[in-house]
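Notes follow the structure.
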Amino acid sequence: MIYDVIIKNARIPQGDDTILTNILVKDEKIAGFIDRVDGVEAKEIIDAGGHLTLPGCIDSHTHFMYQGFPHRENFLTGSAAAARGGITTVIDMPCCSVPSARSVDQLKLKIDLVEPQALVDYAMWGGVTGEDVREGWLHNVQEQADFGAVAFKVYMTPSVPTYPRVTDPEMYEAFQAVAKTGLPIGIHAENFAMCDYFVKKFQKEGRMDGPAWAEARMELAEKVAIELGISFAEDTGARLHIVHMSTGIGAKLVGEAKKRGLNVTSETCPHYLTLNYQEAMTKYGPLAKIAPPLRTKRDNELLWEGLNNGSVDFIATDHAPYEIESEKLKKGMNIWTAFPGIPGVETMVPIIVSEGYNKGRISLSKMVDILSTNPAKHYGLYPKKGAMHIGSDADFTIIDLDKRWTIDPKNEASMCGYTPLEGMKLKGKVVKTIVRGHLVFEDVEDSTLAELTDEDLQRIVHKYPEGVEEKYPEIFKEFPNLYSKEYEKSYRINHPELIDQHIRGIKGIKVQPGFGKFVKRQSIQVLPRTITY
Ligand SMILES: [Zn+2]
């Protein structure tokens, strides 16, 4: 047999140890592991250089802002950032698009629009909002689940205008609807009344400093929101998932709920493990503004502890880039009016490698679980994704554990151009990203994106694929152009050439836009509850 690819000299995890092997790939799937490659034929050889080779890492919480917010990001730049960061599959949120994705047609439209742009594989969150509850549209929940959405997202606080928040009783009805599907319901856990009240109070008192944002949206607002979510999960049997959990007390509550046998899970993000609001919000102001806000050094440590004791199940980024000129540092904007969101998909894996594994905070097997296996299982993509089994997709993240480098937003593929992680010195860098046996990223200067012509970029980025308007006439009738109000007020709407320049400057991409494929949920799977304290 002639294999398609041999990935030579791959140091793969085996528990907390590693073994050096060669990985055979046929038809984009893992076909075997062999000690010696002599006499084995393959069309292509990729050298892993003896580096640590993980099952492809997954970011299950991205906002790639397409379609509707093309001044912030599109699926090309977002998935390029993913590839550069060793992420082989992203799971995109349903809220940051026009329209948002909370019906099968809206999901299908989004997939049709991002398909020509994607560089890595992608699955989709389904959506449910207060509007869906009020309008009697909850039938959309089961329909999205049947279509292959992996989970459902609700917001307790207003966030994206296209995606209305739920009141507490509306959230209860959303829980009931999602419980019937067997899929997780992810909540943005911040109590609306608390946040709203204290933000207004601080504003009235004249607080304009960066840390004021974090102090107004206090830890207690997340705590009571998680407590309410746990009560609703207990009552409805829904699988509650706390997205972007920022506090140590949150980890404690989730751990206790797990111990009581409830199906409650959580994720945290690299920035909640490494940054604290006092330093980052003083230094970066609106550029470090996110919701929930950055917390304290103590929370950093408690969240690492949560990863180790099993109360935090995996890592995701909440990658949500905004345009500096119109949404972060616009003249007259302040800490209260700037938009909340930061990028992250390009730096998640290296931060966990550097600050977690290389510093001895987490073991190798834990790192594999929280970057790959657990999100794949939780969202029903395992063992197609998240596994190094024969028959699994040949997705790999290859990491040079010793390479030292410094985070610099100027080198990142995200269009936003800022990050409060700027200047963080890391040990450990992604050197190759492989998706379905194809080299998608290599840490070199040249890139297929540099060669895209004006016509290519018109077709891929600035126009919608042919025929979509005819395919979704009702959506286009309601949302002509699919533009958001924010896009219409943006800087880049008048400077589309900046988007082209940015894309051509992204380094190391080895495949053409459109390579990434939509991954439907395979099955419904529940993570084991392993609490160790
Ligand atoms: Zn988010």
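One-based numbering along the sequence shown. Note that the structure is a prediction, hence the values are computed from the model and not measured. One-based numbering, in listed order, for ligands and for the atoms of each.
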Qualifying residue, where the test is ring pair (Phe, Tyr, Trp, His ring centres under 6.0 Å) with F75 and the options are F69, Y66, Y122:
Y122
What I want to find out is whether R361 reaches E301 closely enough, with some N-O distance under 4.0 Å, to be called a salt bridge.
yes
Less than 4.0 angstrom from a charged side-chain N to a carboxylate O is my criterion; do E219 and R295 meet it?
no
Give the atom name of whichever N/O/S atom in D318 sits closest to the Zn ion (ligand 1).
OD1
Is a donor from one side chain sitting under 3.5 angstrom from an acceptor on the other, for S414 and E73?
yes
Closer than 2.8 Å to the Zn ion (ligand 1): does that hold for any N, O or S atom in H63?
yes
H188 near the Zn ion (ligand 1): N/O/S under 2.8 Å
no
